Amino acid sequence: MYQAEEKRYETMKYHRCGASGLMLPELSLGLWHNFGDTGVYENMKQMCFTAFDNGITHFDLANNYGPQPGSAEANFGKILREEFSAYRDELIISTKAGYDMWPGPYGNWGSRKYLIASLDQSLKRLGLDYVDIFYHHRMDPETPLEETMETLAQIVRSGKALYVGISNYDGETMKRAADILEELHCPFIINQNSYNIFNRTIEKNGLKQAAAEKKKGIISFSPLAQGMLTDRYLNGIPKDSRVNTDGRFLHADQFSEERINSIRSLNAIAAERGESLAQMALKWILRDGIVTSVLIGASRPQQILENLKVLDSAPFSEEELKKIDENSLAL
C-alpha cells in the first residue's frame with residue numbers, strides 16, 4: 001500500500017476559500033481527462049501519488065467524467081480504497097452533477113430528483129459516505145434556482161457533502177444563488193469556472209467580481225486552454241496531440257495563424273521571466289489573489305511536477321501583464 005511523503009506539506013501554498021474555514025492548495029488535480037476507461041490505471045495511481053506527495057490535497061471529479069461517464073469516479077474510488085484509505089481526512093474530494101448522465105428527463109440539468117440521485121450514484125462509485133464539496137455543474141434555465149439551491153442545502157443537511165459550490169454560472173446568477181443559500185444557512189464557498197489567458201469569460205460576465213464581493217472562492221479549470229498555453233503547439237499541431245487523439249474539446253480550426261503567433265509571443269514573455277509558458281499561464285490566473293486554486297490536468301506524473309514550479313514563480317510587473325494582454329486579448 002502507498003505511503004505518503006512525510007514532507008508533503010512543506011512547499012505547497014494553501015489559500016482560504018472565500019470567507020470559509022476551508023483551505024485549498026494553490027494547485028488542485030482535476031480528473032476530467034485521463035482517469036476514464038481509456039486511461040491506464042497504474043498511471044492514474046502514480047499521478048495521484050505524485051500530487052499528494054507534493055501537497056495537492058484536492059481531487060476534483062464530476063459524475064460524467066470518463067469516458068465512459070462515471071468511470072473517473074469509479075477509478076478514483078478504487079485508488080481511494082486500495083491506496084488512500086489512511087489519508088481520507090487529509091483529502092478534499094469534490095464531484096458535480098448538471099450535465100447529461102443517463103437517459104430520460106431525470107438524468108440532466110438541476111432538478112432535486114436528478115441532483116440527489118446523481119450524488120447517491122457518485123458516492124457509490126467513489127466508495128464514500130460524503131464528498132467535501134458538491135457542485136451544481138451548470139445553470140439550468142428551466143428549473144427554478146430556488147429548487148436547485150434548496151437541493152444543495154438538503155444535501156449538506158443529509159451529511160452527503162460538507163460544502164457546496166456552483167460551476168459555469170455567471171455573476172448575476174451566482175449572486176442570486178448566494179443570497180438563497182445564505183438564507184438557508186448552507187455553506188456555499190466556491191465557484192468553478194474556465195479561466196485562462198485566452199478565456200476571460202468570468203471577467204466579462206461579472207463572475208470574478210461578484211465572487212470577490214460575496215467573499216466566495218474561485219477554482220479555475222482549463223488553465224492552460226486544453227494545452228494551447230504550453231510549448232506543445234509552438235510549431236503547429238503534433239500528430240499525437242489531443243486534437244488528433246481525442247478531438248472532443250480541442251479542434252484543429254482553433255489554431256489559426258494568429259493563434260499560433262500569439263502562443264509564440266506569450267512563450268517569449270515566459271522565457272524572459274525564466275519559466276515555461278505553462279508556468280506563466282498558471283501564475284497569471286493567481287496574479288491578483290481572487291482565484292483560490294487552479295485545477296491542473298495531467299496525462300503523466302511529470303506534468304504535475306512541471307506545473308508545481310508555479311509555486312516559485314515571481315509576481316508579474318505591470319509591463320508584463322500589459323504585454324500578455326496585447327498578445328491575447330485581440331483573439
Side-chain angles (χ1 to χ4, degrees), residues 1-2 4 28-53 56-104 106-110 113-138 152 155 158-165 167-168 192 219 221-222 242 245-249 295-301 303-304:
M1 180 165 305
Y2 161 74
S28 300
L29 186 63
L31 280 64
W32 182 15
H33 298 292
N34 303 310
F35 280 82
D37 286 344
T38 55
V40 177
Y41 181 67
E42 183 58 34
N43 187 51
M44 297 174 205
K45 283 202 305 189
Q46 293 306 320
M47 288 194 286
C48 290
F49 298 166
T50 300
F52 190 54
D53 280 346
I56 295 176
T57 52
H58 180 23
F59 296 83
D60 179 72
L61 294 128
N63 59 354
N64 61 339
Y65 289 176
Q68 293 290 316
S71 59
E73 288 179 329
N75 283 322
F76 188 66
K78 187 178 177 190
I79 294 168
L80 279 173
R81 188 171 63 252
E82 294 179 353
E83 309 288 351
F84 272 0
S85 58
Y87 303 104
R88 171 62 184 102
D89 294 337
E90 295 182 49
L91 304 176
I92 300 296
I93 299 165
S94 60
T95 195
K96 316 176 194 73
Y99 284 95
D100 192 21
M101 187 60 191
W102 62 84
Y106 317 120
N108 207 342
W109 295 105
K113 167 75 172 169
Y114 170 50
L115 296 184
I116 289 175
S118 180
L119 179 54
D120 284 347
Q121 289 182 17
S122 291
L123 292 172
K124 280 180 192 165
R125 284 188 292 266
L126 290 163
L128 295 174
D129 296 322
Y130 70 95
V131 289
D132 298 280
I133 304 169
F134 181 68
Y135 289 90
H136 184 225
H137 208 165
R138 62 168 164 173
L152 294 182
I155 282 167
S158 71
K160 293 176 183 176
L162 303 185
Y163 301 94
V164 300
S167 182
N168 301 307
Q192 186 171 137
I219 187 167
F221 68 88
S222 297
R242 193 182 288 173
T245 60
D246 186 330
R248 287 177 300 160
F249 303 103
L295 269 173
I296 58 168
S299 57
R300 57 187 189 277
Q303 289 177 330
I304 296 170

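These figures come from a predicted structure and were not determined experimentally. Numbers here are sequence positions counted from 1.
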J.: Pick from Leu123, Thr95, Ile93, Leu162: which one makes a side chain to side chain contact (heavy atoms under 4.5 Å, CB included) with Phe134?
T.: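 Exactly one candidate clears the test, Thr95.
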J.: Does Glu90 offer a backbone N or O that forms a donor-acceptor pair with the side chain of Thr57 under 3.5 Å?
T.: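 Side chain of Thr57 to backbone of Glu90: no pair is present.
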J.: Using modelled atom types and a 3.5 Å cut-off, is there a donor and acceptor pairing between side-chain atoms of Lys160 and backbone atoms of Val131?
T.: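 No: the side chain of Lys160 does not pair with the backbone of Val131.
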J.: How close do Ala161 and Tyr130 get, heavy atom to heavy atom, and via which atoms?
T.: N-CB, 4.3 Å
J.: Measuring only between side-chain heavy atoms, which start at C-beta, is Leu31 closer than 4.5 Å to Asn75?
T.: no
J.: Nearest 0.5 Å, what's the CD1-OG distance between Ile56 and Ser28?
T.: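 It comes to 7.0 Å.
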J.: Would you name the heavy atoms of Ser71 and Gly36 that are closest together and state the gap between them?
T.: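 Heavy atoms only, the tightest pair is OG-CA, 3.2 Å.
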J.: Would a 4.5 Å heavy-atom cut-off, applied to side chains only, mark Leu29 and Ile304 as touching?
T.: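 They are in side-chain contact.
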J.: Give, for atom OG of Ser167 and atom CG of Asp60, the distance between the pair rounded to the nearest 0.5 Å.
T.: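 Taking OG in Ser167 and CG in Asp60, the distance rounds to 8.0 Å.
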J.: Is there a side-chain contact between Met44 and Lys78, using heavy atoms and a 4.5 Å cut-off?
T.: no
J.: Quick one: are Leu80 and Leu128 in side-chain contact, heavy atoms under 4.5 Å?
T.: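 Yes, side chains in contact.
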J.: Working to the nearest 0.5 Å, report the span between OG1 of Thr38 and CD of Gln68.
T.: 9.5 Å
J.: Mind checking what makes side-chain contact (heavy atoms from CB on, under 4.5 Å) contact with Ile116, not counting sequence neighbours?
T.: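 Listed in chain order: Arg112, Asp120, Thr151, Gln154, Ile155.
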J.: Using only atom types and a distance under 3.5 Å, with no angle test, would you say the side chain of Arg88 pairs donor to acceptor with the backbone of Leu91?
T.: yes
J.: Do the side-chain N and O atoms of Asn63 and Ser118 include a donor-acceptor pair separated by under 3.5 angstrom?
T.: yes
J.: Would you list the pairs meeting salt bridge (charged side-chain N to carboxylate O under 4.0 Å, His left out) in which at least one residue belongs to residues 61-76, sequence neighbours left out?
T.: Glu73-Arg125
J.: Return the CG to CD1 distance between Asp89 and Ile92, rounded to the nearest 0.5 Å.
T.: 9.5 Å
J.: Check whether any side-chain N or O of Tyr114 sits under 3.5 Å from a backbone N or O of Tyr99 as a donor-acceptor pair, and report yes or no.
T.: yes
J.: Between Tyr87 and Ala4 (side chain of the first, backbone of the second, donor and acceptor by atom type, cut-off under 3.5 Å), is there such a pair?
T.: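 Pair found, side chain donor or acceptor close to backbone of Ala4.
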J.: Find out whether Tyr135 and Tyr163 are in side-chain contact, i.e. whether some heavy atom of one side chain is under 4.5 Å from a heavy atom of the other.
T.: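 Tyr135 does not reach Tyr163 side chain to side chain.
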J.: Identify the residue among Tyr65, Phe59, Trp32, Tyr41 that makes a ring pair (Phe, Tyr, Trp, His ring centres under 6.0 Å) with Phe76.
T.: Phe59
J.: From Lys96 NZ over to Leu115 CG, what is the distance, rounded to the nearest 0.5 angstrom?
T.: 13.5 Å
J.: Please report the closest heavy-atom contact between His136 and Trp109, naming both atoms and the distance.
T.: NE2-O, 3.2 Å
J.: Keeping Asn34 on the side-chain end and Gly39 on the backbone end, is there a donor-acceptor pair under 3.5 Å?
T.: no
J.: Do Asp132 and His58 have side-chain heavy atoms sitting under 4.5 Å apart?
T.: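 Not touching, per the 4.5 Å side-chain cut-off.
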J.: Write down the atom of Met101, the atom of Gly70, and the distance for their closest heavy-atom approach.
T.: CE-N, 3.8 Å
J.: Do Arg300 and Thr50 come close enough that some side-chain heavy atom pair is under 4.5 Å?
T.: no
J.: Tell me whether Asn43 contacts the main-chain N or O of Ser299 through its side chain, where contact means a donor paired with an acceptor under 3.5 Å.
T.: yes
J.: Is the shortest heavy-atom distance from the side chain of Ile79 to the side chain of Tyr2 under 4.5 Å?
T.: no
J.: With a 3.5 Å distance limit and no angle check, can you tell me whether Asn168 reaches the backbone of His137 through a side-chain donor-acceptor pair?
T.: yes
